[in-house]
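Note on naming: letters A, B, ... go to the chains in the order of the sequence lines (proteins, then strands), and numbering restarts at 1 for each one. All values below were derived from every heavy atom in this structure, side-chain atoms included, with hydrogens, water molecules and symmetry-related copies excluded. Given the structure is predicted, the values throughout are model-derived calculations rather than measurements.
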Amino acid sequence: SGMGGYMEAKIQKLEVQFQDKSCSNEQLSSIFNNVAIHVNGYTNPSCDELKTLMAKHGGKYHAYYSSNYTTHVIASNLPRAKSKDLKPNEKVVRPEWIVDSINAGKLLPIQAYLLVGSTTGSENQRTFNNISIFETSKNITQSRYKLLYYNFHYEVILLKCPYFLCYLSTEVFVPHVYSIIYCYYKLNKLTFSRNIAATTDSDFLKEFYANSRLHFISIWKNEMADFVRYLRIQLMGIFPKIYFVILVCHFFVFFIVYFHFYKKTCFQYFMVIHIDMDCFFVSVGLLSRPHLKGRPVAVTHHSNAPAKYQLIDIIKLFRFLISLVSFSISINGAFRLCNPTDTGNTLSSYSEIASCNYEARAAGLKNGMFYGKAKELCPDLVAIPYDFDAYKDVSNKLYTVLSSYTHTLEAVSCDEALLDVTQLVQECKLPPDTIAQHIRAKVQETTGCNASAGIGPNILQRMATRRGKPNGQHEVKLEEAEEFIRGNQLKDLPGVGHSTVFRLKELGVLTCYDLQQVSPQVLKNDFGNKTGQRLHELARGIDNTEVCQSKERKSVSADVNYGIRLTTHEELRIFLTNLAKEVTCRLKKINLSCKKVTLKVMVRHSDAPVEAAKFAHGICNSMSRSKNLDDYTDDFNIIMKETMALMLLLQLNICDLRGIGIQLS
DNA sequence: ATCCTCCCCTAC
DNA sequence: TAAGGTAGGGGAGGAT
């Protein structure tokens with residue numbers, strides 16, 4: 001804007017000239033005889049205007065640069081990359097040279113107008129003078145623009161909402177600003193197919209569920225539990241014999257071990273083996289990418305993104321658009337610029353890491369971490385995409401192997417199971433750790449992925465597994481329990497999550513050792529009877545729950561707490577219809593009917609910004625309302641009607657909805 | 001006492 | 001962009 005006044009005066013003058021003369025083809029002068037210009041990038045006046053000016057003043061305009069015939073390149077801005085390509089005698093001149101020459105009535109020397117090298121000062125200051133912008137659509141909530149900038153195409157969407165969201169680092173907000181939300185460029189210059197799926201799109205649910213790892217983890221667990229149920233009901237009493245022979249042969253080799261073991265333990269308690277695949281998603285992903293073995297690898301959606309979309313220097317673009325679109329804007333907030341040397345948007349990715357291998361964990365990576373953070377911690381990190389079909393396949397193989405050893409197993413998840421081997425140990429006369437070795441080897445052979453195992457009399461085996469990882473196993477005996485648990489963190493106790501850890505900390509309990517010292521009554525007072533008792537027992541390695549082979553399904557639900565952005569009652573109705581259809585479908589699929597409908601919603605917390613950093617739910621309050629039905633039903637119309645009634649009961653501001661779920665019990 | 005509703009918590 | 005689902009256990013507090 002420094003030269004804004006100057007340019008405005010010139011342009012006004014030009015416009016007057018155009019108005020006077022634009023209808024005629026009359027040549028006004030021959031100032032530009034022997035001059036042939038090529039316009040590079042965005043200029044002011046525009047290339048079309050310059051073309052007209054050249055025509056009216058005796059010059060030539062070359063749409064394409066020709067080293068033989070083009071005498072001057074006109075540009076307002078010369079990026080560093082382009083300046084390197086300049087021929088030694090090539091003249092690059094600012095467009096003011098043309099305007100001023102016309103006003104002066106003669107060809108002015110170009111020296112004062114030469115554009116040499118980068119005009120941008122430093123590397124991280126790109127100006128947007130070189131932009132052409134085309135409005136492509138406009139509606140009430142957003143306007144879309146296409147930008148042509150140094151031959152890259154950008155799509156810009158101006159969202160009319162009261163916050164400006166910057167996807168760069170943390171959440172950055174500028175209140176009361178018509179917002180620029182998305183600025184991407186696509187390396188493929190010609191297509192602009194990227195659309196933000198609206199919550200109400202018919203494909204929204206389908207697409208969301210097709211990409212949600214948590215959704216798959218959930219349904220697979222159910223499927224494996226179904227499989228286990230089937231084993232128990234259909235194959236009751238048929239003991240799997242497939243590997244039994246192998247185990248017995250093994251016995252003869254290790255009979256001394258057996259003898260020793262048998263005398264010592266005398267089968268006083270249950271024998272449970274916990275089998276857990278090592279970094280499941282990554283392991284499966286590496287099956288088809290053996291060349292990546294040994295390198296830090298993570299599974300994330302982000303790996304699909306960087307080639308296609310990249311975040312650009314948003315503040316520069318923002319300023320440009322402010323000048324371009326006559327919005328009245330005041331900038332109150334602080335921007336944080338992305339590192340200009342980060343060519344992709346990897347460092348600012350909010351894509352979560354679903355799974356990372358041990359090479360990556362060595363650099364401090366954890367599952368669930370944002371990819372941007374992970375890449376920062378581990379620049380060599382290789383991101384690979386999800387392959388849900390492959391996970392399912394390996395999961396099936398895993399359960400096929402496990403069920404050939406015993407049918408008394410519990411599906412913990414698609415990659416994790418508990419095997420009650422009490423009977424197996426007695427029948428094949430082998431110690432459980434030998435059986436575990438067997439199973440792990442067989443899993444490796446069948447799936448190509450490593451599994452770890454924990455062996456113990458009860459709940460302890462899960463903790464033991466962690467000790468065995470990666471690709472190993474660990475056994476904890478009942479008499480070692482207290483000592484073993486002491487060496488773990490509170491968070492490692494099964495059933496103890498961050499909330500319990502926090503509450504324990506308030507009690508002054510920081511370690512498992514501390515927990516062992518607290519009286520059960522204190523815990524009961526603070527956590528309630530059952531939870532208190534449970535914590536007390538956990539700390540001592542006491543757990544009487546058996547391996548559970550089958551549980552009746554009590555409920556079916558479908559939740560979406562991602563990308564919910566609804567504005568009107570009609571949109572809400574459409575979304576609820578889609579969701580009710582989905583959940584009804586799931587209910588019918590397992591041949592059940594429901595007696596109760598529960599609606600669960602997440603509502604934006606009043607302190608939370610309208611836009612969260614991720615296109616997700618941000619900080620929310622959750623609420624639920626339920627309705628008991630007179631009769632069991634699996635009828636969509638009834639379920640939909642009740643869902644809508646519950647929704648209306650809550651009297652929510654539709655714009656504040658961030659998550660919706662329907663549960664049928 | 002026991003049940004019900006509306007939460008919260010946890011696991012993968 | 002990235003795709004924060006899903007099922008079950010249990011607690012607080014009110015209703016029965």
Base, sugar-phosphate alone, or nothing: which one does A:Thr500 contact when heavy atoms must sit under 4.0 Å apart?
sugar-phosphate

Categorize A:Arg213 for me: base, sugar-phosphate, or nothing, with a 4.0 angstrom heavy-atom threshold over every strand shown.
sugar-phosphate

Go through the steps to decide whether A:Ser624 and A:Thr598 satisfy the test side chain to side chain donor-acceptor pair (under 3.5 Å), and finish with yes or no.
CA-CA 7 Å; A:Ser624 73; A:Thr598 306; over 6 Å; no

Taken to the nearest whole Å, CD/A:Gln533 to P/C:dG9 is 18 Å

Heavy-atom nearest nucleotide on DNA chain C for A:Asn211 versus A:Asn222: which residue maps closer to 5'?
A:Asn211

Name the nucleic acid region contacted by A:Lys596, choosing base, sugar-phosphate or nothing; use a 4.0 angstrom heavy-atom cut-off, strictly under.
sugar-phosphate

Closest heavy-atom pair and its distance - A:Asp278, A:Ser452
OD1-OG, 2.7 Å

Heavy atoms only, 4.0 Å cut-off, all strands: where does A:Arg586 land among base, sugar-phosphate and nothing?
sugar-phosphate

Please walk me through it: do A:Gln521 and A:Asn525 pass side chain to side chain donor-acceptor pair (under 3.5 Å)?
CA-CA 6 Å; A:Gln521 196 51 54; A:Asn525 290 344; 3.1 Å; yes

Does C:dA3 have A:His301 stacked on its base, where the ring centres are within less than 5.5 Å and the planes differ by under 30°?
no

Candidate nucleotides C:dG9, C:dG4, C:dT6, ranked by approach to the side chain of A:Lys554 - the nearest
C:dG9

With sequence neighbours excluded, tell me which residues meet ring pair (Phe, Tyr, Trp, His ring centres under 6.0 Å) with A:Phe388.
A:Phe216, A:Tyr386, A:Tyr391

Over how many whole Å does the gap from A:Asn561 atom CG to C:dA7 atom P extend?
13 Å

For A:Lys491, which contact category applies under a 4.0 Å heavy-atom criterion: base, sugar-phosphate, or nothing?
sugar-phosphate

Scan A:Leu205 against the nucleic acid and name what it touches under 4.0 Å (heavy atoms): base, sugar-phosphate only, or nothing.
nothing

Rounded off to whole Å, could you give me the CD-to-P distance for the A:Glu223 and C:dG5 pair?
18 Å

Range on DNA chain B touched by chain A - first to last nucleotide, heavy-atom distance under 4.0 Å
B:dT5 to B:dC12

Starting at atom CZ of A:Arg553, determine the distance to atom P of C:dT6, rounded to an integer number of angstrom.
10 Å

Can you tell me how far C1' in B:dC9 sits from the matching atom in C:dG4, rounded to whole Å?
16 Å

Do any pairs count as a salt bridge (Lys or Arg N to Asp or Glu O under 4.0 Å) and have a residue in residues 583-599 of chain A, sequence neighbours left out, and if so which ones?
A:Glu582-A:Arg586, A:Lys588-A:Asp634

Would you check if A:Val496 and A:Leu535 make a side-chain contact, meaning some heavy-atom pair closer than 4.5 Å?
yes

Who passes ring pair (Phe, Tyr, Trp, His ring centres under 6.0 Å) against A:Tyr632, sequence neighbours left out?
none

Identify whether the distance between the nearest side-chain nitrogen and carboxylate oxygen of A:Arg229 and A:Asp226 falls below 4.0 Å.
yes

So does A:Tyr209 get a side-chain nitrogen or oxygen closer than 4.0 Å to the phosphate oxygens (OP1/OP2) of C:dT6?
yes

Smallest separation among heavy atoms of A:Cys378 and A:Leu365, with atom names
CB-CD1, 3.7 Å

Check every strand shown and say whether A:Ala210 touches a base, only sugar-phosphate, or nothing at a heavy-atom separation below 4.0 Å.
nothing

A:Phe575: ring pair (Phe, Tyr, Trp, His ring centres under 6.0 Å) partners, not counting sequence neighbours
none

Rounded to whole Å, how long is the line connecting atom CD of A:Glu537 with atom C1' of C:dG10?
15 Å

Tell me which of A:Glu552 and A:Met602 sits closer to the 5' end of DNA chain C, going by the nucleotide each one is nearest to.
A:Met602

Are A:Ser212 and C:dG5 close enough that a side-chain N or O sits under 4.0 Å from OP1 or OP2?
no

Closest non-hydrogen atom pair, A:Leu398 against A:Glu416
CD2-N, 4.2 Å

At under 4.0 Å between heavy atoms, what does A:Ser218 touch on the DNA or RNA strands: base, sugar-phosphate, or nothing?
base

Could you list, one pair per line, each protein nitrogen or oxygen that sits under 3.5 Å from a nitrogen or oxygen of nucleotides 11-14 of chain C, together with the distance?
from	atom 1	to	atom 2	distance (Å)
C:dG11	OP1	A:Lys530	N	2.8
C:dG11	OP1	A:Thr531	N	2.9
C:dG11	OP1	A:Thr531	OG1	3.3

Mind calculating the distance between CZ (A:Phe575) and P (C:dA3) to the nearest angstrom?
17 Å

